[in-house]
There are 2 protein chains.
Amino acid sequence: MATLGGLERSVMSLLWDSAESLSANDVRDRLGEDLAVTTVLTVLSRLERKEMVRRERSTRPHRYSATASREEHTVEMLNEVLGTAGDREAVLARFIGTIPDSEAAALRRLLQD
Amino acid sequence: MATLGGLERSVMSLLWDSAESLSANDVRDRLGEDLAVTTVLTVLSRLERKEMVRRERSTRPHRYSATASREEHTVEMLNEVLGTAGDREAVLARFIGTIPDSEAAALRRLLQD
DNA sequence: CACGATTACTACAGCGTGTAGAAATCACTC
DNA sequence: GAGTGATTTCTACACGCTGTAGTAATCGTG
């Protein structure tokens, strides 16, 4: 998958945190930095090309929203990383050794269906 | 962390799969492509800068090896991804829903200490 | 139709990566 | 100890991605 730049990531973060879709101006306003709208539009277009953002072209200020939730996206990333793993189970074994106890407990619970 | 390019990744793969450390010439020979040694040396230097590769400068052909095993590195990546997660437990919950049953079973076993 | 808002197109600098030549350095041999 | 071949370092450049935005095109409304 595509790796995001800093501004792209900020924009995704906004979209993930926002309940409704946002216009380019909305996004620009919510970013702390003082950017030109065209900059934001460029970034949004690139994110659309990367299929991380969906755009409503029917409304006049086009409205943008994330195609997947932050959690869904993170899971995708996790699986992508695991895909490069070689021995997936070995990785998972090590991995659970690195997470905090509380999360290990949560996992145990979740796996006990 | 650093994201690797294609050639960098190939080189890491070699180093991960090799029991002993390799010289730049070893690496060049094992890569299928027909590259100049200097190219390989450049890549190895960059990987060293990224602390993915350790170099023995004492021997004359310097010898290179991975600083972490492929599995260790993959776990690092997983944690890095999780670090961007927001709600880690929510992500883990979704995540275990996406892995094959066999791996879920393995995880269950591993968590039952 | 004119005008203001919005979007699309074009541009460019900076950085990371792939690629390698030229220059410097090292290790031996005679 | 100088010459030579192997090795390493330095320098360079093209290309693609990202941040950034101006200019041109388009749309909607009065």
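Protein chains get the first letters and strands the later ones, always in sequence-line order, with residue 1 at the start of each. All values below come from the heavy atoms of this structure, side chains included, with hydrogens, waters and symmetry mates left out. Here the structure is a predicted model, which is why all the values come from computation and not from measurement.
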Could you give the [atom1]-to-[atom2] distance, from [X] to [N], as a whole number of Å?
X     : N      : atom1 : atom2 : result
B:L47 : C:dG16 : CG    : P     : 14 Å
A:E56 : C:dT7  : CD    : C1'   : 16 Å
A:R63 : C:dT7  : CZ    : C1'   : 15 Å
B:L41 : D:dA6  : CG    : C1'   : 11 Å
A:L44 : D:dG19 : CG    : C1'   : 13 Å
A:R57 : D:dG28 : CZ    : P     : 14 Å
A:H62 : D:dA25 : NE2   : C1'   : 13 Å

Check side-chain contact (heavy atoms from CB on, under 4.5 Å) between [X] and all other residues, then give those that pass, not counting sequence neighbours.
X     : value
B:S18 : B:L22, B:R30
B:R63 : B:S21, B:S23, B:D26, B:E56, B:T59
B:A66 : B:M12, B:L15, B:W16

Pairing string, 5' to 3', for DNA chain D - Watson-Crick or wobble contacts under 3.5 Å, brackets [ ] where pairs cross, | to another strand: ||||||||||||||||||||||||||||||
Stretch residues 11-30 of chain B: residues that reach within less than 4.0 Å of DNA chain C through a heavy atom: none
Distance-only donor-acceptor hits, side chain of residues 87-103 of chain B, under 3.5 Å, sequence neighbours excluded:
residue, atom, partner, partner atom, Å
B:D87, OD1, B:E89, N, 3.2
B:D87, OD1, B:A90, N, 3.1
B:R88, NE, A:E103, OE1, 3.3
B:R88, NE, A:E103, OE2, 2.7
B:R88, NH2, A:E103, OE1, 3.0
B:T98, OG1, A:N79, ND2, 3.0
B:T98, OG1, B:F95, O, 2.6
B:E103, OE1, A:R88, NE, 3.3
B:E103, OE1, A:R88, NH2, 3.0
B:E103, OE2, A:R88, NE, 2.7

Contact check, side chains of B:V43 and B:V27, non-hydrogen atoms, under 4.5 Å: no
Residues forming a salt bridge (charged side-chain N to carboxylate O under 4.0 Å, His left out) with [X], sequence neighbours excluded:
X     : value
A:R28 : none
A:D17 : A:R70
B:E71 : none

Same apolar cluster: B:M52 and B:L41, side chain cutoff 4.5 Å: yes
Nucleotides 18-30 of chain C: protein proximity per nucleotide (B base, S sugar-phosphate only, - neither; heavy atom, under 4.0 Å): BBBBB--BSS---
Test side chain to side chain donor-acceptor pair (under 3.5 Å) applied to B:R57 - qualifying residues, sequence neighbours left out: B:E48
Residue pairs passing the side-chain hydrogen bond (donor to acceptor under 3.5 Å, both in side chains) test where at least one lies in residues 32-47 of chain B, sequence neighbours excluded: B:S45-B:R55
